[in-house]
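A short worksheet on the structure shown next.
Note on naming: letters A, B, ... go to the chains in the order of the sequence lines (proteins, then strands), and numbering restarts at 1 for each one. This is a predicted model, so every value here is computed, not measured.
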There are 2 protein chains.
Amino acid sequence: MGKPTVHDIAEEAGVSLATVDRVLNERPGVRSMTARRVHNAIDKLGYVRDVHAANLARGRQYRFAFVLPEGESQFLKALRDAIEEAGAGLRLDRAELETIEVPLNDSVGMIRALETLQAQQIDGLAIMANETPVVRDMLAHMKESGIAVVTLVSDQPNAERDHFVGIDNVAAGRTAGVLMGRFVGGRSGKIIVVVNTTHARDMVQRRLGFDAVMREQFPALDALPSLEGHDQLERTIQVIDRSLASHDDVVGIYCAGAGTRGVTKVIADHGLADKLVVIGHELTTHSEQGLRDGLLDVVITQNVGHLVRSATRVLRAKCDGREIIESQERIRIEIVLRENLP
Amino acid sequence: MGKPTVHDIAEEAGVSLATVDRVLNERPGVRSMTARRVHNAIDKLGYVRDVHAANLARGRQYRFAFVLPEGESQFLKALRDAIEEAGAGLRLDRAELETIEVPLNDSVGMIRALETLQAQQIDGLAIMANETPVVRDMLAHMKESGIAVVTLVSDQPNAERDHFVGIDNVAAGRTAGVLMGRFVGGRSGKIIVVVNTTHARDMVQRRLGFDAVMREQFPALDALPSLEGHDQLERTIQVIDRSLASHDDVVGIYCAGAGTRGVTKVIADHGLADKLVVIGHELTTHSEQGLRDGLLDVVITQNVGHLVRSATRVLRAKCDGREIIESQERIRIEIVLRENLP
DNA sequence: CTGAAAGCGCTTACAG
DNA sequence: CTGAAAGCGCTTACAG
């Protein structure tokens, strides 16, 4: 006999298909004695349900929304593209992905966006946003109304999300730190640290990890206070230029968030490629070119395709009440040099 | 209207379901005029077939075999585990994975194994083996009999495989080279290079890439001729010990293949962890521990889970006559430090 | 609380 | 060369 089906269960338990189905999907209206018989049959035959057939039968269509910050950063662009690409591939898998962009720190916009999604009765939400009470409360609401929720890229540990899809940013900062220390190669001096804003949770964590490694392993290096670029090219360039001017012993630059374009511009303009070790985050067409041109030495990154696929896998599992395979959903901290560019 | 189905196509083309199906699956017995009408309908309605429904209907069961070299290396073990794990997950996806182990360089065993698989009419084969005329010819035979074939980990560029699933080993060697040069930090000296055998294609390529980088970027470093460990712990330790004894300016060890256990043993026994830069390949429980203990500085790796899933995805696509998404099937060269261990 | 029947989107003998 | 009908494994109204 092949794999057992609902028919086999029904026969074994001496009930009808409908009853088997009710038990399988935990729908009410089954006497506990009957349910017990069905469960026994399931255990005895080792039944596992064919999800595809189930979805086919119920005409199930999963609707997942991705809420992202508005912005022209290359990473966000790549993420949006990945969502679109995954969406195209998933249409046949009965999942429909939608992307909504909300301006950074626009609470009203965020509330409106999430309320709309809730009204639309989406099945799952993947959200990348700064941690605020508004977001926290809204997520609790969404969860209550039965929507699966995962946080993306930047976690909200205090919100009732089902799962976080992204890297451990403290570890990412540590990784950057070790590579910085090693690549600097025994010299002593200062490290310029650039972030877009010191308020974002992931930035804070990366800085934390970076500093810890500097302290523990490379006391000869001195990581300067974070410079804020605020996602603006000119501003980023300006703050770095100023910092370079006031320190004559800078040996490296760590760009912990968006702002890589500003950094590479400075490096190129001042011909510093061979003098400084430069480490950035997120592999994009731009940072990839930076690696090729030698303007960047290392890029620490997380694969946007994996992020999106993991998010949809997790959301789908939550919708189906299935367990996720933790090991498969762990997003890797990837290290990219010119030599191992994909 | 939702997505068009075979019913819509049948109606639009004015034919029966059976005819639509014949056209869809390119089965014979349809007048070209009729086929043309069906194709027009497909184009007009933008039909794309529901693979899951199709598989359900035909009770399709994909049978894929993985042929691997026999051996107790941690990497092979991890790979076997990954196959088993993927197999369990895929049972519901109507794919069945089987692993066959053939002793290295046992041509007769290889022929027998492949002939058996061919007789069993498997749907697809993923093979990891050294490049030999025997293998090349057998793969041609298998392909001819309609079996999809991918090479795994170590390519056979001259065989008629459908696809290679694995990393670019020249690039992997280059990556190791750059990290070695950078981590050594300006010192000059010799690098010990360990391989299991100089005959395997992937070893040759890694060595090639490593040497190229040494030559181009780190002229102060001198990579010694490859030591062969032949997958034997004692032997590996012996050759490294001997090499260390005869060179007093060794600054690093590059283990390009199996043999990491021997290398870490030597490092630990002689207390060389802080003196030498040690780079190995393939993340396993052992090399992971080596990283944690500081006995290894870097591990270059390819994710075995990705390898197996990519192989099955590609085989399935080939069986269905579908195109693969190249970008999704590219296996990354991963760099692992203690800090970004998964 | 339980079951018989129809249907999801596709394929497969079988008949003509 | 073409079509009507049954079936893959599951779910869903509808009846009882």
Side-chain angles (χ1 to χ4, degrees), chain A residues 1-39 41-42 45-62 91-95 316 319-322, chain B residues 1-39 41-42 45-62 90-96 316 319-322:
Chain A
M1 187 181 85
K3 302 190 206 66
T5 73
V6 275
H7 291 92
D8 302 316
I9 304 298
E11 186 170 357
E12 175 76 24
V15 299
S16 75
L17 288 182
T19 298
V20 173
D21 190 70
R22 281 188 268 263
V23 174
L24 241 31
N25 293 292
E26 298 174 42
R27 273 189 254 100
V30 182
R31 267 191 308 184
S32 64
M33 231 262 300
T34 316
R36 171 173 248 76
R37 288 225 307 280
V38 174
H39 277 125
I42 289 173
L45 302 185
Y47 170 81
V48 329
R49 142 227 262 110
D50 182 330
V51 186
H52 296 309
N55 285 336
L56 173 60
R58 70 174 84 174
R60 185 77 158 98
Q61 184 79 1
Y62 300 84
R91 271 199 58 205
L92 281 174
D93 268 333
R94 319 192 148 270
R316 196 191 287 252
C319 288
D320 296 350
R322 272 183 295 118
Chain B
M1 185 181 85
K3 300 193 208 74
T5 72
V6 274
H7 292 92
D8 302 315
I9 304 298
E11 186 171 358
E12 175 75 25
V15 299
S16 75
L17 288 181
T19 298
V20 171
D21 191 70
R22 282 188 265 264
V23 174
L24 241 32
N25 294 292
E26 299 174 40
R27 272 188 256 100
V30 182
R31 265 191 310 180
S32 65
M33 234 260 301
T34 316
R36 170 172 249 78
R37 288 225 307 280
V38 174
H39 277 126
I42 289 172
L45 302 185
Y47 170 81
V48 332
R49 128 213 289 105
D50 181 330
V51 187
H52 296 309
N55 284 337
L56 174 60
R58 69 173 86 172
R60 184 77 159 98
Q61 184 79 1
Y62 300 85
L90 256 48
R91 270 200 58 205
L92 280 175
D93 268 334
R94 319 190 146 270
E96 200 176 291
R316 194 191 288 254
C319 288
D320 296 349
R322 275 183 294 118

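Each of G59(B) and S16(B) has a nearest nucleotide on DNA chain D; the 5'-most of these lies closest to S16(B).
In the set dT2(C), dT2(D), dG9(D), the nucleotide with an atom closest to the side chain of L56(A) is dG9(D).
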Under 3.5 Å, which N/O atoms of the protein pair with N/O atoms of nucleotides 10-13 of chain C?
unit_1, atom_1, unit_2, atom_2, d
dC10(C), OP1, Y47(B), OH, 2.5
dC10(C), OP1, D50(B), N, 3.0
dC10(C), OP2, V6(B), N, 2.5
dT11(C), OP1, N25(B), ND2, 3.4
dT11(C), OP1, R49(B), NH2, 3.3
dT11(C), OP1, R58(B), NH2, 3.0
dT11(C), OP2, D21(B), OD1, 2.1
dT11(C), OP2, N25(B), ND2, 3.4
dT11(C), O5', D21(B), OD1, 3.0
dT12(C), OP2, R27(B), NH2, 3.1

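Atom pair E11(A):CD and dA4(C):P shows a separation of 13 Å (rounding to whole Å applied). Counting to the nearest Å, the P atom of dC8(D) and the CG atom of D8(A) are 11 Å from each other.
Taking side-chain N and O atoms only, T19(A) has a distance below 4.0 Å to OP1 or OP2 of dG3(C).
The residue V15(B) sits close only to the backbone: its heavy atoms come under 4.0 Å of sugar-phosphate atoms, none of a base. Here G29(B) lies in heavy-atom contact (under 4.0 Å) with a base.
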Between L56(A) and H52(B), is the side chain to side chain contact (heavy atoms under 4.5 Å, CB included) condition met? List the steps. CA-CA 8 Å; L56(A) 173 60; H52(B) 296 309; over 6 Å; no

Might you work through the salt bridge (Lys or Arg N to Asp or Glu O under 4.0 Å) test for D21(B) and R27(B), ending with a clear yes or no? CA-CA 8 Å; D21(B) 191 70; R27(B) 272 188 256 100; 2.6 Å; yes

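The shortest distance between side-chain heavy atoms of D50(A) and T5(A) does not fall below 4.5 Å. Here the side chains of T34(B) and V23(B) are not in contact, with every heavy-atom distance at 4.5 Å or above. Residues R58(A) and N25(A) meet the side-chain proximity criterion, which asks for heavy atoms closer than 4.5 Å.
The CG atom of L17(A) sits 10.5 Å away from atom CD of E11(A), with the distance rounded to the nearest 0.5 Å. Atom CZ of R37(A) and atom CD1 of I9(A) lie 13.0 Å apart (nearest 0.5 Å).
Shown here for A41(B) and E12(B), the closest heavy-atom pair between the two residues is CB-CG, 3.5 Å.
In DNA chain D, consecutive stretches of 3 or more Watson-Crick or G-U wobble pairs with both distances under 3.5 Å are given as paired ranges: C:1-3 with D:14-16, C:5-12 with D:5-12, C:14-16 with D:1-3.
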